[in-house]
Amino acid sequence: MQVKEIIRRLLTQAAAQAKAAGALDFPELPPFELETPKLPEHGDVAANLALVLASRAKKPPRQIAQALIQHLEAPEGLLARVEVAGPGFINFFIRDSWWFQVIEEIHRLGSTYGSAELGAGRRVQVEFVSANPTGPLHIGHGRGAALGDVLANLLAAVGYQVEREYYINDVGNQIQTLGRSLYVRLRQLLGEELEFPEDGYRGEYIFDLARQYREAGHPLPGPEPEEEDLLALGRWAADAILAGIRQDLDDFGVHFDAWFSETSLYEQGWVERAFAALKEAGFLYEQDGALWFAASRFGDDKDRVVRRRTGATTYFASDIAYHLHKATRGYDLMVDLWGADHHGYVPRLRAAAEALGFSERLRILLVQLVSLLRHGEPVAMTTRGGTFVTLREVLEEVGKDAARFLFLTRRADAHLDFDLEVAKQQNAENPVYYVQYAHARLASVFRQPEAPDLMGAEPDPALWPLLKEPEELELVKRLAAFPETVEAAARLLEPHRLTYYLTELAGQLHSYYYKHRFISEDRELSRARLWLVAAVKTVLARGLALLGVTAPESM
RNA sequence: GCGCCUGUAGCUCAGCUGGACAGAGCAACGGACUUCUAAUCCGUGGGUCGCAGGUUCGAAUCCUGCCAGGCGCGCCA
């Protein structure tokens, strides 16, 4: 069990004991924090229970802290000492020997160390990327892909049953626009001078598609194409683009459990079902020939059209239906990952979720945009203008590992500067290699011929007192913090916590490696150190696996 | 004009959702390779946490108002 969990229980019991003994009086135990203090003088774990209890128990915090300590019944071997400090913190100093147990735990649990049962098998769906099939994925989609994928990994690690889903906007006039763009490019390939549509997709990839279309020997619509012809062209193009997107994601290490087609919502009557549900709840009305959802009743700026005067439904209508469909599938939690340029859309979807009663199960995460740089200079990126950097180009230039890791070095809601040159550099400026190198270094240690013989099959707790170096204790404490890091990253939906943790762990390892030889004349000490760094290697590998980054045996 | 995100060291960013003297990497400067991988390590300098108020035992963190940057504000998707 985690040290903080144990201490939380001890304090809760102590409070109850103190209350029973009449030493303290309070109605109910308030929530309190356990933190790892920055300063070693403040111990390994600090509790603010006495501070938050002060007003309820009507006593000075330090006095409460004393009372709590007196009723503390700690297990043998856990605590070196407990102190009241500052305004009333209770500082716990854990025995070194207790920390070293984590080496055995990691050996026992192997690659499941860091897993938890927080999710208790509840179902969670993560919907991400969901880029329109009108062009290849660009670097911003890559960030969303990395974030969503790792979020899903983390949630799975803490006991959720996770599904990854990609929502395909394959309805509407964008497919037609795509078809028209392709059509014009096709005619232009034949040498005809046709004006490109104002709202067309100007990317070079449309030419590529046109060439593919011809090479495959598909029929070319005549000079006056019917709407149906353009739609058919658009569908063909969307399919081809989607195939490319799947390939890109595959190469990026992102695999979806489901690809959900917007069209299927119409085919299966979900849009009408959503309208009916909203109407029944009294949030749907007609005005100016259009059908409106009363979003303003739920805090949105204004009401929103779901069916236009023309009879065509809006994108929003599809989205309501889609989320109703998701909610009906029975997920306990639905996580949506959107580009920050869609943030204005959040209030209206939230409104619909509230109107339909699944708002509490829906979490919408915004991923801020990525600014692409090269040598510190901005690289222009616009979808329609045609000069953008695709995810594929980034993958080919910097590789999957560097791209994934760098995408996860920022909070999702912070802008990200992604410098292609830095991503390619293989030095300390590039944290991915720093972490991978730590793993490779350890792998090389275990390749030493004497290593297996020195270690034996099982770690022996009697060895730990030999680990007297400060670096060793620090390392073991860091290892012990891995489960809570994974848990926090999953609970707060913040994968960047893991990349920071791994960078720190790798740093401590590098430092330790440099100062002390693991394999030496002293066989017992070597044995102890090898088991310690074996645990480090296991945690590095697990952490990198959660990030979807390879843990190389050599570099 | 309104809304969302951001503002922390020269640069890029963390800061455990209110805790104890504000952290890391890079850049700068100075050191360490006959060693289990130097893609590494050790040391030095560097901050009025955008500004001004407020809340309280305690604020980078919460509230209000300004300032600056980014992104949005369709019967588009």
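Lettering follows sequence order; numbering is per chain, from 1.
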Subject >> Charged N-O contact under 4.0 Å between A:K326 and A:E127 >> reply: yes
**OP:** Among the candidates B:A38, B:G72, B:G19, find the nucleotide nearest to the side-chain atoms of A:R441.
**Re:** B:A38
Original post:
Taking OH from A:Y345 and C1' from B:C71, how many angstroms apart are they, rounded to a whole number?
Top reply: 17 Å
**OP:** May I ask you to say whether A:E487 pairs ionically with A:K4, meaning some side-chain N is under 4.0 Å from a carboxylate O?
**Re:** no
Subject >> Per A:H342 side chain, nearest of listed nucleotides B:C73, B:A77, B:U17 >> reply: B:A77
Original post:
When you check the glycosidic angle of B:C33, does it come out syn, meaning within 90° of 0, or anti?
Top reply: syn
Pairs under 3.5 angstrom, nitrogen or oxygen only, protein versus nucleotides 21-23 of chain B, please.
| from | atom 1 | to | atom 2 | distance (Å) |
| --- | --- | --- | --- | --- |
| B:C21 | N4 | A:E41 | OE2 | 3.4 |

Original post:
Relative to the 5' end of RNA chain B, which residue comes earlier, A:A443 or A:G507, by the nucleotide with the nearest heavy atom?
Top reply: A:A443
Subject >> Phosphate contact (B:G15 OP1 or OP2) by A:H496 side-chain N/O below 4.0 Å >> reply: yes
**OP:** Mark this stacking check for A:H415 against B:G7 as yes or no, applying ring centres under 5.5 Å and ring planes under 30°.
**Re:** no
Original post:
What nucleic acid atoms does A:L369 come within less than 4.0 Å of, heavy atoms only: base, sugar-phosphate, or nothing?
Top reply: sugar-phosphate
Original post:
Does A:S511 have a side-chain nitrogen or oxygen under 4.0 Å from the phosphate oxygens OP1 or OP2 of B:C42?
Top reply: yes
Subject >> Closest to side chain of A:K302, choosing from B:U12, B:C36, B:G74 >> reply: B:G74
Original post:
In whole Å, what is the span from the CZ atom of A:R309 to the C1' atom of B:G74?
Top reply: 13 Å
Subject >> Qualifying residue for side chain to side chain contact (heavy atoms under 4.5 Å, CB included) with A:Y167, from A:D336, A:V129, A:L265, A:N132 >> reply: A:L265
**OP:** For the side chain of A:D413, starting at C-beta, report the closest nucleotide among B:C5, B:C71, B:A77.
**Re:** B:C5
**OP:** May I ask you to check whether over 12 heavy atoms, not counting those of A:E521, lie within 6.0 Å of atom CD?
**Re:** no
**OP:** Please work out if A:S554 contacts a base, only the sugar-phosphate, or nothing of the nucleic acid, heavy-atom cut-off 4.0 Å.
**Re:** base
Subject >> Spacing between A:K515 atom NZ and B:U35 atom C1', to the nearest angstrom >> reply: 17 Å
Original post:
Any donor-acceptor pair under 3.5 Å between the side chain of A:N91 and the base of B:A20?
Top reply: yes
Original post:
Could A:R491 and A:E484 be called an ion pair, given the rule that one side-chain N must be under 4.0 Å from one carboxylate O?
Top reply: no
Original post:
If we only count heavy atoms from C-beta on, is the A:F405 to A:T503 side-chain gap below 4.5 Å?
Top reply: yes
Original post:
When you compare B:G25 with B:C63, how far apart are their P atoms, in angstrom units rounded to a whole number?
Top reply: 32 Å
**OP:** Measure from CG on A:N48 to C1' on B:C16 and round the result to the nearest Å.
**Re:** 13 Å
**OP:** Looking only at side-chain atoms of A:H343, point me to the closest of B:C4, B:G19, B:C16.
**Re:** B:C4
Subject >> Ring geometry between A:F316 and A:F293 (parallel below 30°, tilted from 30 to 60°, perpendicular above 60°) >> reply: tilted
Original post:
Atom CG of A:L505 and atom C1' of B:G25: how far apart are they, to the nearest Å?
Top reply: 16 Å
**OP:** Would you mind reading off the distance between A:Y437 atom OH and B:C36 atom C1', rounded to a whole angstrom?
**Re:** 11 Å
Original post:
Across the strands shown, which category fits A:A340 at heavy-atom distances under 4.0 angstrom: base, sugar-phosphate, nothing?
Top reply: sugar-phosphate
Original post:
Would A:R529 and A:E472 pass as an ion pair if we require N to O under 4.0 Å?
Top reply: yes
Original post:
Within 45° of the six-membered ring axis of A:Y513 and under 6.0 Å from that ring's centre, is NZ or CZ of A:R441 located there?
Top reply: yes
Original post:
For the side chain of A:D341, counting heavy atoms from C-beta on, which of B:C16, B:C71, B:A77 is nearest?
Top reply: B:C71
Subject >> From B:A77, B:A38, B:C13, nucleotide with atom closest to A:Y513 side chain >> reply: B:A38
Original post:
When the C1' atoms of B:C29 and B:G45 are considered, how many whole Å apart are they?
Top reply: 8 Å
Original post:
Can you tell me if A:N169 and A:Q174 form a side-chain donor-acceptor pair at under 3.5 Å?
Top reply: no
Original post:
So what does A:T134 touch, heavy atoms closer than 4.0 Å: a base, only the sugar-phosphate, or nothing?
Top reply: nothing
Subject >> Contact summary for A:L466 and A:L525, nearest pair of heavy atoms >> reply: O-CD1, 3.5 Å
Original post:
What does A:H439 touch in the nucleic acid at a heavy-atom separation under 4.0 angstrom: a base, only the sugar-phosphate, or nothing?
Top reply: nothing
**OP:** Pick the P atom in B:G10 and in B:G50, then give their distance to the nearest Å.
**Re:** 13 Å
**OP:** Please determine, for the side chain of A:R497, which listed nucleotide (B:C57, B:G15, B:A77) has the closest atom?
**Re:** B:G15
I'd like a table of atom pairs between the protein and nucleotides 29-31 of chain B - only N or O on both sides, under 3.5 Å - with the distance next to each one.
none

Original post:
Is the phosphate of B:A77, meaning OP1 or OP2, less than 4.0 Å from a side-chain N or O of A:R308?
Top reply: yes
Subject >> Spacing of the C1' atoms in B:U6 and B:A14 (rounded, Å) >> reply: 15 Å
Original post:
Stem ranges for RNA chain B, with three or more consecutive Watson-Crick or G-U pairs under 3.5 Å?
Top reply: B:1-7 with B:67-73, B:10-13 with B:23-26, B:28-32 with B:40-44, B:50-54 with B:62-66
Original post:
Do the side-chain N or O atoms of A:R411 get closer than 4.0 angstrom to the phosphate oxygens (OP1, OP2) of B:U6?
Top reply: yes
Subject >> B:C5 to B:U48 separation - P atoms, rounded to the nearest Å >> reply: 28 Å
Original post:
Ion pair present between A:K424 and A:E421, side-chain N to carboxylate O less than 4.0 angstrom?
Top reply: yes
Subject >> A:E553 with A:K537: basic N within carboxylate O range, under 4.0 Å >> reply: yes
Subject >> Nearest non-hydrogen partners of A:V486 and A:G114, listed with the distance >> reply: CG1-O, 3.7 Å
**OP:** Nearest-nucleotide wise, let me know which of A:A47 and A:N169 is further upstream toward the 5' end of RNA chain B.
**Re:** A:A47
Original post:
How far does the C1' atom of B:G54 sit from the matching atom of B:C11, given to the nearest Å?
Top reply: 34 Å
Original post:
B:G19 and B:G58: how far apart are their P atoms, nearest whole angstrom?
Top reply: 14 Å
Original post:
Is the shortest side-chain N/O distance from A:Y434 to OP1 or OP2 of B:C41 below 4.0 Å?
Top reply: yes
**OP:** Run the salt-bridge test on A:D522 and A:R517 with the 4.0 Å N-O cut-off and return the result as yes or no.
**Re:** no
**OP:** Determine the contact category for A:L291: base if any of its heavy atoms lies under 4.0 Å from a base atom, sugar-phosphate if only primed atoms, P, OP1 or OP2 are that close, otherwise nothing.
**Re:** nothing
**OP:** In whole angstrom, give the distance that lies between atom CD1 of A:I175 and atom C1' of B:C76.
**Re:** 14 Å
**OP:** Let me know the distance between CG of A:L406 and P of B:C13, rounded to the nearest Å.
**Re:** 12 Å
**OP:** Determine the Euclidean distance between corresponding P atoms of B:C51 and B:G7; express it in Å to zero decimal places.
**Re:** 13 Å
Original post:
Among B:U40, B:C75, B:A20, which is the nearest nucleotide to the side chain of A:H510?
Top reply: B:U40
Subject >> Ring-base stacking, A:F89 with B:A20 (5.5 Å, 30° cut-offs) >> reply: yes
Original post:
How close do A:A481 and A:Y501 get, heavy atom to heavy atom, and via which atoms?
Top reply: C-CE1, 4.2 Å
